[in-house]
**Student:** 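Once you've had a glance at the structure underneath, I'll fire off some questions.
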Amino acid sequence: MTTACTTRGEGTRYRIDRPTFADIMCDLRIPRSDLGAGDRIPHIDLPTTDAGRFSSESNAADGRPVLLVFGSLACPVTESAGRGLLDLHHTYGDAIRFVVVNVPEAHPGADTPQPRMIDEKMRNAGALKSHHRFGFEVAVDGIDGTVHRASGTRPSSAYIIDPSGTIVFRALGRTDWSRSRRRCVPSSQAEHPRLRMWGRRHAH
C-alpha cells in the first residue's frame with residue numbers, strides 16, 4: 001500500500017501547495033536511508049542568487065568545511081534560525097563556508113505560493129536572502145529538488161560537511177544556532193583559531 005510518506009519525495013508530493021497534517025508528520029519521520037554523519041553528500045552543482053555556483057568542486061577547492069542549511073522563505077524554522085546564522089557567520093565566516101539552499105516552500109500560501117518554475121524559485125531565494133540580510137551564499141536547488149531529495153526531504157535540515165564531501169554533523173528541524181552545544185567542526189580544521197574558539201564554546 002502506498003502512503004503519503006512513501007510518496008513525499010516524488011513529483012507534486014514534493015512541491016505541495018498547502019501542507020497537510022500527514023505531510024507534517026512525514027517530515028518528523030527520519031528514515032534510516034537519510035544521510036547522516038559519516039556519509040558523503042551527493043554531488044552538488046547549484047546556481048546562487050549572486051550569479052555564482054555552489055558545487056562539490058568549489059567546496060573542495062575552498063578547503064573549508066561548509067555549513068549547508070536547507071530552508072525556504074515560508075519556513076518558520078528558517079525564519080527563527082536566521083539571526084543565529086548571521087551571528088555564527090560573523091564569528092566563523094572566515095573559517096566555515098556558509099550556504100543556504102532554497103528548497104520548496106514549507107508553508108506556501110497566497111503571500112508565498114509554491115514555485116512551479118525555476119525562475120520563481122530563484123526569486124523566492126533572492127527574497128529569502130534579502131529578508132534575512134544573509135551576507136553569504138544562497139543557492140537554489142532544482143525545481144524537483146535533486147540535492148534536497150538525495151539528502152532527505154526535511155524542510156529545515158542542516159549539515160556540516162568537510163572539504164572531502166563527508167558529513168560530520170547533521171541537524172534535523174529546529175536548531176538554535178546561537179546556543180548550540182554541539183561540536184560541529186571537523187578535527188582536520190581544529191588548528192584554525194576561529195575553530196578552536198568554536199570547539200571551546202560548543203563542546204559538550
Side-chain angles (χ1 to χ4, degrees), residues 3-30 34-35 41-42 44-54 66-90 97-159 170-178:
T3 66
C5 286
T6 60
T7 61
R8 180 69 172 90
E10 301 173 6
T12 56
R13 291 297 307 161
Y14 178 68
R15 301 186 305 275
I16 56 176
D17 289 320
R18 291 189 180 276
T20 64
F21 178 75
D23 293 322
I24 294 170
M25 294 306 294
C26 286
D27 285 334
L28 295 176
R29 177 177 173 267
I30 306 173
D34 278 13
L35 298 181
I41 203 75
I44 298 172
D45 185 12
L46 302 175
T48 61
T49 57
D50 58 0
R53 307 289 300 186
F54 170 58
V66 58
L67 173 57
L68 184 68
V69 180
F70 291 109
S72 66
L73 189 60
C75 177
V77 178
T78 305
E79 178 68 24
S80 64
R83 181 70 256 175
L85 286 172
L86 287 172
D87 291 343
L88 280 183
H89 182 256
H90 176 76
R97 184 178 183 181
F98 284 64
V99 182
V100 170
V101 176
N102 183 250
V103 298
E105 297 301 331
H107 293 272
D111 292 336
T112 309
Q114 192 68 266
R116 296 299 173 188
M117 304 293 290
I118 192 63
D119 60 335
E120 297 171 349
K121 197 169 186 178
M122 184 67 77
R123 283 197 295 270
N124 281 14
L128 174 68
K129 182 171 185 175
S130 176
H131 171 66
H132 288 286
R133 299 182 181 179
F134 287 150
F136 46 84
E137 296 165 278
V138 174
V140 184
D141 201 1
I143 200 69
D144 290 321
T146 303
V147 173
H148 187 210
R149 288 190 296 129
S151 306
T153 58
R154 264 24 55 182
S156 54
S157 54
Y159 302 84
R170 177 183 73 175
L172 301 175
R174 183 179 177 86
T175 300
D176 186 345
W177 293 109
S178 63

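No experiment lies behind these values; they were computed from the predicted model shown. Residue indices begin at 1 and follow the sequence shown. Side chains are part of it too, since the values below use all heavy atoms of this structure and drop only hydrogens, waters and symmetry mates.
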**Student:** Are Lys121 and Ile143 close enough, and set up right, to give a side chain to side chain contact (heavy atoms under 4.5 Å, CB included), and what steps lead you there?
**Tutor:** CA-CA 7 Å; Lys121 197 169 186 178; Ile143 200 69; 4.3 Å; yes
**Student:** Is the closest side-chain heavy-atom distance between Leu73 and Thr78 below 4.5 Å?
**Tutor:** no
**Student:** Where the side chain of Thr48 meets the backbone of Phe54, is there a donor-acceptor pair that is under 3.5 Å apart?
**Tutor:**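 Absent.
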**Student:** Could you measure the distance from the NE2 atom of His107 to the CD atom of Gln114? Nearest 0.5 Å is fine.
**Tutor:** 11.0 Å
**Student:** Give the C-alpha distance, both sets of side-chain angles, the deciding distance and a yes or no for side chain to side chain contact (heavy atoms under 4.5 Å, CB included) between Val147 and Phe70.
**Tutor:** CA-CA 10 Å; Val147 173; Phe70 291 109; 4.2 Å; yes
**Student:** Can you tell me if CG on Asp111 sees more than 12 non-hydrogen neighbours from other groups inside 6.0 Å?
**Tutor:** no
**Student:** Taking 4.0 angstrom as the limit, do Lys129 and Glu137 come out as a salt bridge?
**Tutor:** no
**Student:** Excluding sequence neighbours, so at least two apart, what forms salt bridge (charged side-chain N to carboxylate O under 4.0 Å, His left out) with Glu79?
**Tutor:**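 For Glu79, no residue satisfies salt bridge (charged side-chain N to carboxylate O under 4.0 Å, His left out) once neighbours in sequence are set aside.
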**Student:** Would you call His132 and Leu85 a side-chain contact if the rule is heavy atoms closer than 4.5 Å?
**Tutor:** no
**Student:** Do you know the tightest heavy-atom contact between Pro113 and Pro108?
**Tutor:** C-CB, 4.2 Å
**Student:** Evaluate the side chain to side chain contact (heavy atoms under 4.5 Å, CB included) criterion for residues Met122 and Thr49: first the C-alpha distance (whole Å), next the side-chain angles of each, then the deciding distance (0.1 Å), finally the verdict.
**Tutor:** CA-CA 7 Å; Met122 184 67 77; Thr49 57; 4.2 Å; yes
**Student:** Nearest 0.5 angstrom please: Thr146 OG1 to Leu46 CG, how far?
**Tutor:**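 One gets 8.5 Å once the value is rounded to the nearest 0.5 Å.
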**Student:** If we only count heavy atoms from C-beta on, is the Pro115 to Glu105 side-chain gap below 4.5 Å?
**Tutor:**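 Side-chain contact under 4.5 Å: yes.
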**Student:** Do the side chain of Asp141 and the main chain of His148 share a donor and acceptor less than 3.5 angstrom apart?
**Tutor:**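 Pair found, side chain donor or acceptor close to backbone of His148.
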**Student:** Closer than 4.0 angstrom, basic N to acidic O: yes or no for Asp144 and Arg149?
**Tutor:**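 Result for this pair is no, no salt bridge flagged.
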**Student:** Is there a donor-acceptor pair under 3.5 Å between the side chain of Thr112 and the backbone N or O of Gly109?
**Tutor:** no
**Student:** Output, in order, the C-alpha distance, side-chain angles, deciding distance and verdict of side chain to side chain contact (heavy atoms under 4.5 Å, CB included) for Val140 and Val101.
**Tutor:** CA-CA 6 Å; Val140 184; Val101 176; over 6 Å; no
**Student:** Parallel, tilted or perpendicular: which fits the ring planes of Phe98 and His89, with parallel below 30° and perpendicular above 60°?
**Tutor:**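 Perpendicular: the ring planes of Phe98 and His89 meet at over 60°.
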**Student:** Mind checking whether Val99 and Val69 have side chains closer than 4.5 Å, heavy atoms only?
**Tutor:** no
**Student:** Quick one, Arg53 and Asp45 - any side-chain contact, counting heavy atoms below 4.5 Å?
**Tutor:** yes
**Student:** Quick one, Leu128 and Ser72 - any side-chain contact, counting heavy atoms below 4.5 Å?
**Tutor:** no
